[in-house]
Enquirer: 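Structure provided below as structure tokens; questions to follow.
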Amino acid sequence: MPDLEFTPIGAELRLGAGGWCEENAVVFHVKLQSDSSSFMLTTGERIEELQQLVCVISKHEDPEPHELGKMYYIRGDDGPIFPYPPRVQITITLPQPKFAELIRAARAGKLPSTIEVVVNEIETWTPGLSPKQWDNKDVPEMHVHGVRISLPLVPVIEAGEDDLPDWRRPPEEMPVNREQMERLISVVQKLLVPIFWAIVIVGIANAIISW
């Protein structure tokens, strides 16, 4: 199992040029999934109370294992000039083709369903017995040893009666196709012709009688 599993709740594209801002990145705002209460920080903070980001950076070639990424604890600053909250940030490097897949998904309005991150330096844990531990005081950054980003291909829909495919509907609930509509129009036209002439004849007869 992965050490950490995050659910993305938002995303932004950061495009840079020149100096330290030159890298392009997709930044996901995320939340650690249900085991967040079992993740302990030695600063005494609760991880669910911190801002959580996964920053994905593009690279032209496959990164070396030691270059895959890092997980950072960044202290907040409440100063008057540039205040910012404390946060946990995971920076991941992906080769350009995989990075492009993230961009295409984002343009289609799709967020990853999950982002799974393996960080071996977090102490081994057993669910229900002991929590994950991160000594973020003395070790504010750790290497990422693995990552998996899951992108949805199609939306998951719980099918109700209104969502059934046509072949599963009873005949009386099937939508009318073009051929059926054309036949219906033809029948109606044939019925209207004698009705029209009957109205004309009755009208002429009434006019003669009145005259």
Enquirer: Can you hop from Ile9 to Val26 via hydrophobic side chains spaced under 4.5 Å?
Expert: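 Different clusters.
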Enquirer: Taking all non-hydrogen atoms of both residues into account, name the closest pair between Ala25 and Leu13 and its distance.
Expert: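 Result for this residue pair: O-CD1, 3.5 Å.
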Enquirer: Once you round to the nearest 0.5 Å, how far does CE of Met71 lie from NE2 of His145?
Expert: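 NE2 of His145 is found 12.5 Å from CE of Met71.
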Enquirer: Looking at side-chain heavy atoms only, is the closest gap between Trp134 and Val88 below 4.5 Å?
Expert: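 A side-chain contact under 4.5 Å exists here.
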Enquirer: Is Phe6 close to Ile90 at the side-chain level, that is, under 4.5 Å between some pair of heavy atoms?
Expert: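 Yes, at least one pair of side-chain atoms sits under 4.5 Å.
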Enquirer: Tell me, do Pro8 and Val54 make a side-chain contact under 4.5 Å, heavy atoms counted?
Expert: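 SC-SC contact between Pro8 and Val54 ruled out.
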Enquirer: Apply side chain to side chain contact (heavy atoms under 4.5 Å, CB included) to Arg107 and list each qualifying residue two or more places apart in sequence or on a separate chain.
Expert: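 Side chain to side chain contact (heavy atoms under 4.5 Å, CB included) list for Arg107, sorted by chain: Ile103.
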Enquirer: Sub-3.5 Å donor-acceptor pair from the side chain of Gln52 to the main-chain atoms of Leu32, do we have one?
Expert: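 Between the backbone of Leu32 and the side chain of Gln52 there is a qualifying donor-acceptor contact (under 3.5 Å).
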Enquirer: To the nearest 0.5 Å, tell me how far Asn136 CG sits from Glu141 CD.
Expert: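 With rounding to 0.5 Å, CG (Asn136) is 12.5 Å from CD (Glu141).
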Enquirer: Are the charged groups of Glu101 and Lys98 less than 4.0 angstrom apart, N to O?
Expert: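 Answer for the salt bridge query: no.
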Enquirer: Please report the interatomic distance CG(Asn120) to NE2(His143), rounded to the nearest 0.5 Å.
Expert: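 One finds 11.0 Å between CG of Asn120 and NE2 of His143.
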Enquirer: Looking only at heavy atoms, which two atoms of Gln89 and Cys55 are closest? And how far apart?
Expert: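 Heavy-atom minimum between the residues: NE2-CB, 4.2 Å.
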Enquirer: Using links of under 4.5 Å between side-chain heavy atoms of ILVMFWY residues, direct or through other members, which residues join Leu53 in one cluster?
Expert: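 Other cluster members: Val27.
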Enquirer: Let me have the donor-acceptor pairs involving side chains of residues 73-80, under 3.5 Å, with sequence neighbours excluded, atom names and distances please.
Expert:
residue: Tyr73; atom: OH; partner: Glu45; partner atom: OE1; Å: 2.6
residue: Tyr73; atom: OH; partner: Glu45; partner atom: OE2; Å: 3.3
residue: Asp77; atom: OD1; partner: Gly79; partner atom: N; Å: 2.8

Enquirer: Side chains of Glu12 and His29: closer than 4.5 Å at any heavy-atom pair?
Expert: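 With C-beta onward as the side chain, the pair touches.
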Enquirer: Quick check: do Leu102 and Phe28 have side-chain heavy atoms less than 4.5 Å from each other?
Expert: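 A side-chain contact exists here, since the closest heavy-atom pair is under 4.5 Å.
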Enquirer: Give the minimum heavy-atom separation between Leu50 and Arg87, together with the two atoms involved.
Expert: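 Closest pair (atom of Leu50, atom of Arg87, distance): CB-CA, 4.4 Å.
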Enquirer: Would you say that Val56 contacts Ile149 through its side chain, given a criterion of any heavy-atom pair below 4.5 Å between the two side chains?
Expert: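 In short, these two side chains touch, coming nearer than 4.5 Å.
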Enquirer: For a quick test of reading the model, state the closest non-hydrogen atom pair linking Ile115 to Pro112 and the distance between them.
Expert: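 Closest approach of Ile115 to Pro112, heavy atoms only: CG1-CB, 4.3 Å.
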Enquirer: How many angstroms lie between CD1 in Ile92 and CZ in Arg148, if you round to the nearest 0.5 Å?
Expert: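 Atom-to-atom, Ile92:CD1 and Arg148:CZ are 12.5 Å apart.
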Enquirer: Should Thr91 and Lys70 count as side-chain neighbours, where that means a heavy-atom distance under 4.5 Å?
Expert: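 Contact flag for Thr91/Lys70 side chains = no.
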Enquirer: Within the 4.5 Å heavy-atom criterion, are Leu151 and Lys110 side-chain neighbours or not?
Expert: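 No; the side chains remain at least 4.5 Å from each other.
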Enquirer: Quick check: is Val139 connected to Val144 through a chain of hydrophobic side chains (ILVMFWY, heavy atoms under 4.5 Å apart)?
Expert: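 Yes: a chain of side-chain contacts under 4.5 Å links Val144 to Val139.
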Enquirer: How close do Pro97 and Arg104 get, counting heavy atoms only, and between which atoms?
Expert: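 Of all heavy-atom pairs spanning Pro97 and Arg104, the closest is O-NH2, 4.4 Å.
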